[in-house]
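Contents: one structure, followed by commentary.
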Amino acid sequence: MENYWSRFLEKPTLSICLLSLVVTVSITSYFYSVLKPTDSSLSEYYLTENTEYFVGDIPADDNGEIDFQKMQKVYWESVSGWINDTELQRITDSEFIWLRCKAFPNPKENEELYILLEHSGLNIEIFTEYGDSVFKYGEFLEQEKLPNIFQSKFDWVKIPNDDSKYYYLRLYHKKGILFIITIIENLVGKQTALYREIALKNLTTIFFHSFFLMIGIICALVYFIELKKKYNILLDFAAFSLCFGLLGLTSNVLIRYLFTNSETLFILTTISSNFVFVPMLSGVRRLFGGGSYRVLDILIYINVFICSLTTILVFSLPFFDVSHSLLISSRSFFILFNLINILGPIYITYEAWKKGNPEAFGHFIGFSITLFLVILEIYLAIKTNDNSNSKVVLWGVLFGVISQGFALERTIFANRQKAQLYKEDLLKAEKSLKESQLKTLQTKMSPHYLFNSLNTIHALHKIKPELIGDAILSLANNYRFISDRTDRDWIPFEEEWNFLEDYLHLQKLRFYDTIQIDFKKSGDFSSVVLPPLLLQPIIENSFKHGFRGSADKQFQLFIHAKMVRDSVFSFVVYDNGIGIPEELLADKGKLLERSLGNIKERLKNLYSEFSFEVTRNYPEGARTEIEIILTSRVPQVL
């Protein structure tokens, strides 16, 4: 029973249940906010559908009053629909604009109804049909005090309780300067109910765009933490998510209402909206290539140039009239350009899908849906000339974010699998190399060691025949070890030590009374395992290179193995032989090539923490030291 509950906790069941619960509640909450009964105190009121305009000012009479009854005879032009560039330029070139909008039905007795009005780049005054001023922002004819288009202002405007058929809005702005005026969420109602409804309509989008903003930040952090792995597509996705999140948050009316620094929001909105396509196109290019004729390459460079130019134009709006003219005249171009930015990925993903890339099909569908929604948004904006009543584009781009996110996950997962397979292949190659090195060691040792041993036995036959039996027994033990133990990855330390003891016994017989060997160990080696033939080449190095020269010299060899701490193994070999030439000491590569290079390579393949030093022994001879952290063994592929 205990094992069952342990296995249950190892599975992600609880997290999946919690995630499902949160998603279910979120979706239910969203649909409830969309489908719930409308608050009876709220009504819809569309400014653009109920408004006409007149370019220029309507002069007051000698008493400073305006005859609003005569204004019905003025020719009013419709705001609804697409306003051509010439007419829009005429509007911006006039310091005064008058708007006439149909009056809202009379509120009930003692009922106070409001609209939340957003405006920027102008001063404004609202009159009833009888000339009564119901709202005023700023002073007219004081251009130095006019707010710029970066400064969004929000004001609660009380609906007048009279029988007016029209409201008249007098707008005053700098000549040649664009301006904005709109009713938030196109709603009229009590202040509390209206504020609550605006919040409910925007909280879901704030949540989603905050989520993508955090995803972008996290992806950027992961990229820079894992900088050496060069997850460039992750950085593209991070930039795309950041732009998308910032665009949604900074353009959200509730955020703009609550945030006091409207200039910063305007700048962030401009940058994110202009450049959101660049990382998206770059990500698609990394996934599926530039396509035929390098379509995406060209599109990315064009985007960088045009978006940089557009950003400069927008930021120069308060200072240069020509900026407004250029932006107005290029409206149609930017609509077409945004469509091309989506058509490009559609073409590339379709081409990649046809060439056999199954992942491209999901992107093709996602971008196609995005294109449809963007076209729908453009149609609604042109028809009503009101961008506040639809957020289809943001939700359309959401498909692109999700699509690229899933593709990114699949790409990283695939790369992770490839990296794992590569790591396993590398470990197998290292094991093969280790085995090859060991076989080479055996091959080199066997004939050399056998010839020396046989020569020693032959010499003993003449001078000390009683030692021949010991020599043959030591030789047999050594070759039994080489044939039976060296095919293993690890052997107990004691077996390696016994092998060294037999090896040294034969060497002592060979050198007879011209060598003195100090062979000892200290510490607890009961749990120590080592790769076979790791230590013998170090000792052999002294016999092969150190003990040459005068036959009258008394050679000394010191061999000491010890456990420094529980997991630190130390092995020291030093002699009083001919030592190491200066040129070898200066060139560590050549020094290790001498005979010990294989030992260091084996240690590098087997342990992550070790030291291996070959130095001069004082006053004479050579010294070799190994220190191994036994707990740092590198996992080996079986």
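Index from 1, following the sequence.
In this structure the side chain of W76 never reaches within 4.5 angstrom of the side chain of L99, judged on heavy atoms. Within the 4.5 Å cutoff, the side chain of I183 has no heavy atoms near those of the L116 side chain. Side-chain contact check for I300 versus F277: every heavy-atom pair is 4.5 Å or farther apart. No side-chain heavy atom of I198 sits under 4.5 Å from any side-chain heavy atom of Y257. Contact of the D93 side chain with the Q89 side chain is registered, since non-hydrogen atoms from C-beta on lie closer than 4.5 Å. Using a 4.5 Å cut-off on side-chain heavy atoms (C-beta onward), N252 and H209 make no contact. Residues N123 and P147 have side chains in contact (heavy-atom distance under 4.5 Å, counting atoms from C-beta outward). A 4.5 Å side-chain heavy-atom check between S152 and I180 finds every atom pair outside the cut-off.
At most 12 non-hydrogen atoms from other residues, nucleotides or ligands lie less than 6.0 angstrom from OH of Y293. Heavy-atom contacts from other residues, nucleotides or ligands closer than 6.0 Å to NZ of K153 number more than 12. Residue-environment remark: CZ (R90) exceeds the threshold of 12 foreign heavy atoms within 6.0 Å. For Y350, the OH atom sits in a loose shell: 12 or fewer heavy atoms of surrounding residues, nucleotides or ligands are nearer than 6.0 Å. Counting heavy-atom neighbours within 6.0 Å of Y301 OH, excluding the residue itself, gives a total of 12 or less.
F334 and F337 have perpendicular rings, their planes meeting at more than 60° on a 0 to 90° scale where under 30° would count as parallel. Between H363 and F288, the ring planes lie perpendicular to each other; the angle is over 60°, past the 30° to 60° tilted range. Note: F361 and F364 have tilted aromatic rings, judged against thresholds of 30 and 60 degrees for the angle between ring planes. Classified by interplanar angle (parallel below 30°, tilted 30° to 60°, perpendicular above 60°), the ring pair Y195/W156 is tilted.
Within the 3.5 Å criterion, the main-chain N or O of V278 finds no donor-acceptor partner in the side chain of S282. Of the possible donor and acceptor atoms, one in the side chain of E351 sits under 3.5 Å from a partner among the backbone N and O of S292. Using a distance-only test at 3.5 Å, with no hydrogens or angles considered, a donor-acceptor pair links the side chain of S316 to the main chain of L313. Checked by atom type and distance alone, the side chain of D155 never pairs as donor or acceptor with a backbone atom of V157 at under 3.5 Å. At least one donor-acceptor pair closer than 3.5 Å links the side chain of N274 to the backbone N or O of T270. A donor-acceptor distance shorter than 3.5 angstrom exists from the side chain of H173 to the backbone of S94, with no hydrogens or angles considered. In this structure, R170 contributes its side chain and I97 its backbone to no donor-acceptor pair below 3.5 Å. For S632 (side chain) and E609 (main-chain N/O), a donor-acceptor pair under 3.5 Å exists by modelled atom type.
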Q: Any chance you could lay out the salt bridge (Lys or Arg N to Asp or Glu O under 4.0 Å) test for K175 and E95, step after step, and finish with the verdict?
A: CA-CA 5 Å; K175 184 179 180 181; E95 294 178 332; over 6 Å; no
(Q) Would L187 and E44 count as a side chain to side chain contact (heavy atoms under 4.5 Å, CB included) here? Give the steps. (A) CA-CA 5 Å; L187 291 175; E44 292 185 339; 4.1 Å; yes
Q. Run the side chain to side chain contact (heavy atoms under 4.5 Å, CB included) check on E118 and I181 step by step: do they pass?
A. CA-CA 6 Å; E118 180 183 12; I181 180 169; over 6 Å; no
Q: In sequence, state the C-alpha distance, the side-chain angles, and the governing distance for K102 and Y167, and then conclude on side chain to side chain contact (heavy atoms under 4.5 Å, CB included).
A: CA-CA 6 Å; K102 293 180 181 178; Y167 302 136; over 6 Å; no
Q: Starting from the C-alpha separation in whole Å, work towards a yes-or-no answer on side chain to side chain contact (heavy atoms under 4.5 Å, CB included) for R100 and T51.
A: CA-CA 5 Å; R100 182 179 74 171; T51 302; over 6 Å; no
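Defined by atom type and a distance below 3.5 Å, a donor-acceptor pair is missing between the side-chain atoms of Y45 and E185. A donor and an acceptor atom, one from each side chain of T269 and T250, are located under 3.5 Å apart.
In this structure, R256 CZ and L249 CG are separated by 12.0 Å, a value rounded to the nearest 0.5 Å.
For Y75, there are no ring-ring contact (aromatic ring centres under 6.0 Å, His included) partners two or more places apart in sequence or in a different chain. In this structure, the ring-ring contact (aromatic ring centres under 6.0 Å, His included) partners of Y137, at least two apart in sequence or on a different chain, are H119. Residues forming a salt bridge (Lys or Arg N to Asp or Glu O under 4.0 Å) with E263 (at least two apart in sequence, or on another chain): none.
Nearest heavy atom pair, residue S273 against residue L247, reads CB-CD1, 3.6 Å. The heavy-atom pair separating L146 from Y172 by the smallest distance is CD2-O, 3.4 Å.
Each of L221, V222, L227 was compared with F224 under the side-chain contact (heavy atoms from CB on, under 4.5 Å) criterion, and only L227 meets it.
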